[in-house]
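What follows is a single structure, written as structure tokens, with notes after it.
Just follow the structure's listing: the first ligand is 1, and inside any ligand the first atom is 1. All of these numbers come straight from a predicted model, not from anything done at the bench. Residue indices begin at 1 and follow the sequence shown.
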Amino acid sequence: MKPASFDYVVPRTVAEAVEALGDTGREAQVLAGGQSLILEMHLQRIRPGAVVDINRVPELDGMRVEGDELRVGALVRHAAFEPATAVPGPLGALLSRAVVNIAHPPIRSRGTMAGSFGWAHPASEWCAIGVALDATVEVTGPAGARDLPARDYFLGPHRTARRPQELITAVRLPLLGADTGVGFIEHRRTHFTFAQVAVAAALTVHDGVIVDARIGLVNAADRPVRAHAAERSLLGAETGRLPAGPRLPDGHPFALAGRIAAREDAAPVAQPYADVEYKRQAVAVLVGRTLLEAAADSHARLTAREGHHR
Ligand SMILES: Cc1cc2nc3c(=O)[nH]c(=O)nc-3n(C[C@H](O)[C@H](O)[C@H](O)COP(=O)(O)OP(=O)(O)OC[C@H]3O[C@@H](n4cnc5c(N)ncnc54)[C@H](O)[C@@H]3O)c2cc1C
């Protein structure tokens with residue numbers, strides 16, 4: 001199919017973009033990478049009166065560290081996070097492990113992180129990382145700029161707290177301390193499809209005891225989920241000697257956290273090839289394994305630091 005006809009607007013500044021979006025008579029959509037929008041327009045599931053192409057607004061490009069946060073401008077493409085060194089510390093490692101799961105290279109070279117927050121698909125890797133880490137979505141609208149905490153931002157599939165006239169200007173992610181280990185594991189049916197379930201984890205371990213845990217669940221509900229109950233079960237737990245393989249003994253704190261995440265945090269929605277029980281089982285297994293990966297990463301970072309100080 002071909003898209004229904006629409007006006008095409010090319011602003012040069014954030015102010016012009018906001019003005020175009022505020023022209024409510026036309027039900028405008030933002031064009032960032034176009035990797036979701038264009039497909040939806042071709043299928044005529046979205047028929048905007050106007051498309052506001054933000055690709056020529058230089059102030060929306062670039063990412064930089066500001067204080068203890070990484071500020072990712074609305075034009076930063078998924079591919080920018082592929083090198084583990086693009087972003088400092090464990091946050092960079094988490095983002096680079098997650099990004100290779102998003103579609104395939106041509107999509108990653110156009111699609112943007114902010115566009116993923118705009119689209120708010122329950123299977124978005126970035127959105128689950130955003131809720132797990134307490135990210136902030138920066139928006140500007142006719143009434144000015146405001147910050148939306150990721151924990152209050154997602155309201156359901158493709159539904160967010162952003163008003164239609166507001167432009168996402170950036171996403172801010174807190175940097176992770178040098179003593180934090182990270183993991184990301186995704187399960188999907190074929191190479192380039194969305195996740196059936198995926199898990200992001202960040203663990204801070206002091207003297208073998210977990211002092212902070214962050215767990216984000218991808219496609220385990222109608223929106224990204226932070227697994228609070230599973231996280232609570234880990235605080236104060238000892239990591240002990242880490243099992244060598246991916247299988248965890250039943251009584252291991254990571255296996256327990258997986259079962260809690262599946263039972264209390266996830267609220268799966270059935271999909272073709274993945275019913276609710278299947279998804280709960282996948283959450284239980286993947287949470288355990290991702291925590292194991294994060295604990296191993298934390299251990300490796302500690303060992304590297306000790307070696308450095310010797
Ligand atoms: C085959 C295929 C596989 C894919 N697999 C995955 C996957 O595994 N994981 C994943 O996360 N994504 C996947 N995607 C989607 C892809 O990551 C998109 O790039 C992303 O969802 C949207 O980013 P975009 O920059 O392309 O946004 P666009 O397509 O340009 O816009 C998407 C929506 O977000 C809104 N929007 C975009 N930017 C802004 C902004 N700055 N302010 C306000 N609203 C905005 C638009 O109005 C529109 O409604 C896949 C896409 C395809 C086609």
Side-chain angles (χ1 to χ4, degrees), residues 3 6 8-9 11 14 16-18 20-22 26-43 45-57 59-61 71-82 95 98-131 137-141 145-146 148 153-154 157-172 184 186-198 200 216 218-219 223-224 271:
F6 57 89
Y8 179 63
V9 187
V14 167
E16 283 177 20
V18 168
L21 285 176
R26 293 191 293 177
E27 289 201 19
Q29 286 278 334
V30 174
L31 175 71
Q35 300 305 301
S36 297
L37 180 64
I38 299 294
L39 177 67
E40 295 296 315
M41 287 173 62
H42 273 284
L43 296 172
R45 290 195 293 228
I46 297 184
R47 298 161 60 107
V51 169
V52 179
D53 181 347
I54 59 172
N55 285 277
R56 290 185 184 79
V57 181
E59 62 197 288
L60 292 174
D61 210 356
R71 184 180 185 279
V72 181
L75 284 177
V76 176
R77 316 287 162 179
H78 302 315
F81 301 95
E82 286 187 37
L95 299 178
V99 69
V100 289
N101 294 284
I102 300 178
H104 48 71
I107 289 178
R108 294 201 292 270
S109 72
R110 294 298 306 163
T112 62
M113 178 185 275
S116 294
F117 279 78
W119 187 231
H121 194 294
S124 158
E125 290 81 358
W126 291 149
C127 297
I129 289 176
V131 294
V137 183
E138 255 183 53
V139 297
T140 300
R146 61 184 184 129
L148 301 172
Y153 177 79
F154 297 100
H158 310 300
R159 288 199 309 116
T160 71
R162 180 183 73 85
R163 299 183 191 117
Q165 300 89 348
E166 286 177 322
L167 176 75
I168 301 172
T169 46
V171 175
R172 299 201 311 268
F184 189 95
E186 176 154 322
H187 175 58
R188 55 175 177 260
R189 227 167 56 81
T190 64
H191 223 63
F192 298 133
T193 52
F194 280 87
Q196 283 191 318
V197 169
V218 178
N219 214 12
R223 65 196 78 179
Q271 287 180 288

Practice task
Answer yes or no: is there a side-chain heavy-atom contact under 4.5 Å between Pro224 and Val218?
Solution key: no

Handout entry: 4.0 Å heavy-atom contact, Arg77 with ligand 1
Key = no

Practice task
Can you establish whether the number of heavy atoms outside His104 located under 6.0 Å from its atom NE2 is more than 12?
Solution key: yes

Exercise for the section: From atom 10 (C) of ligand 1, work out which of Glu138, Gln35, Glu125 has a heavy atom at the shortest distance. Expected result: Glu125

Fill in the blank from the handout: Closest to atom 33 (C) of ligand 1 among protein heavy atoms sits Trp119 CE3, 3.7 Å

Practice task
Please examine the side chains of Leu31 and Val52, heavy atoms only from C-beta on, and report whether any two atoms are closer than 4.5 Å.
Solution key: no

Exercise for the section: Look at atom 37 (C) of ligand 1 and say which protein heavy atom is nearest, naming residue and atom and giving the distance to 0.1 Å. Expected result: Gly115 CA, 3.5 Å

Practice task
Could you list which atoms of ligand 1 come closer than 4.0 Å to a heavy atom of Leu167?
Solution key: 41 (N), 42 (N)

Fill in the blank from the handout: The answer for which part of Asn101 has a heavy atom under 4.0 Å from ligand 1 is backbone

Handout entry: Heavy atom of the protein closest to atom 25 (O) of ligand 1 (residue, atom name, distance)
Key = Thr112 OG1, 2.6 Å

Problem - Among Ile168, Asp53, Thr193, closest by any non-hydrogen atom to atom 43 (C) of ligand 1 - result: Ile168

Practice task
Starting from atom 39 (C) of ligand 1, locate the nearest protein heavy atom and write down its residue, its atom name and how far away it is, to 0.1 Å.
Solution key: Val30 CG1, 3.6 Å

Practice task
Report the member of Ala32, Pro164, Ala103 with the shortest heavy-atom distance to atom 4 (C) of ligand 1.
Solution key: Ala103

Exercise for the section: If the plane angle is over 60° it's perpendicular, under 30° parallel, otherwise tilted; pick one for Phe154 and Phe117. Expected result: tilted

Exercise for the section: Starting from atom 24 (P) of ligand 1, find the nearest protein heavy-atom neighbour and note its residue, name and distance. Expected result: Gly33 N, 3.5 Å

Handout entry: Thr169 vs Val139 side-chain heavy atoms within contact, under 4.5 Å
Key = no

Exercise for the section: Quick one: sort the Phe81 and Trp126 rings into parallel, tilted or perpendicular, breaks at 30° and 60°. Expected result: perpendicular

Exercise for the section: Considering the heavy atoms of Ser116, write down every atom of ligand 1 situated less than 4.0 Å from one of them. Expected result: 20 (C), 21 (O), 22 (C), 23 (O)

Handout entry: For atom 15 (C) of ligand 1, closest protein heavy-atom neighbour
Key = Ser36 OG, 3.5 Å

Problem - Val18 side chain reached by Val14 side chain, heavy atoms, under 4.5 Å - result: yes

Exercise for the section: List the closest protein heavy-atom neighbour of atom 47 (O) of ligand 1: residue, atom name, distance to the nearest 0.1 Å. Expected result: Gln29 OE1, 2.8 Å

Problem - Donor-acceptor pair, side chain of Ser109 and main chain of Pro106, under 3.5 angstrom - result: yes

Practice task
Check His104 against ligand 1 and report side chain, backbone, both or neither, counting heavy atoms closer than 4.0 Å.
Solution key: neither

Problem - Separation between CZ of Arg163 and CG of Leu21, rounded to the nearest 0.5 Å - result: 13.5 Å

Completion exercise
For Ser124, the atoms of ligand 1 under 4.0 Å from one of its heavy atoms are 11 (O)

Handout entry: Atoms of ligand 1, numbered as shown, that sit under 4.0 Å from any heavy atom of Ala74
Key = 41 (N)

Practice task
Could you tell me whether Arg47 and Glu27 have a side-chain N and a carboxylate O separated by less than 4.0 Å?
Solution key: no

Exercise for the section: Among Arg108, Arg188, His187, find the residue that satisfies the side-chain hydrogen bond (donor to acceptor under 3.5 Å, both in side chains) test when tested with Asn101. Expected result: Arg188

Handout entry: Proximity flag His78 to ligand 1, non-hydrogen atoms under 4.0 Å
Key = yes

Exercise for the section: Give the residue and atom name of whichever protein heavy atom lies nearest to atom 1 (C) of ligand 1, and the separation in Å to one decimal. Expected result: Ile107 CD1, 3.6 Å

Exercise for the section: Using distance alone, decide if ligand 1 has a nitrogen or oxygen within less than 3.5 Å of any nitrogen or oxygen in Phe194. Expected result: no

Handout entry: Side-chain touch Ile54/Leu75, heavy atoms, less than 4.5 angstrom
Key = yes

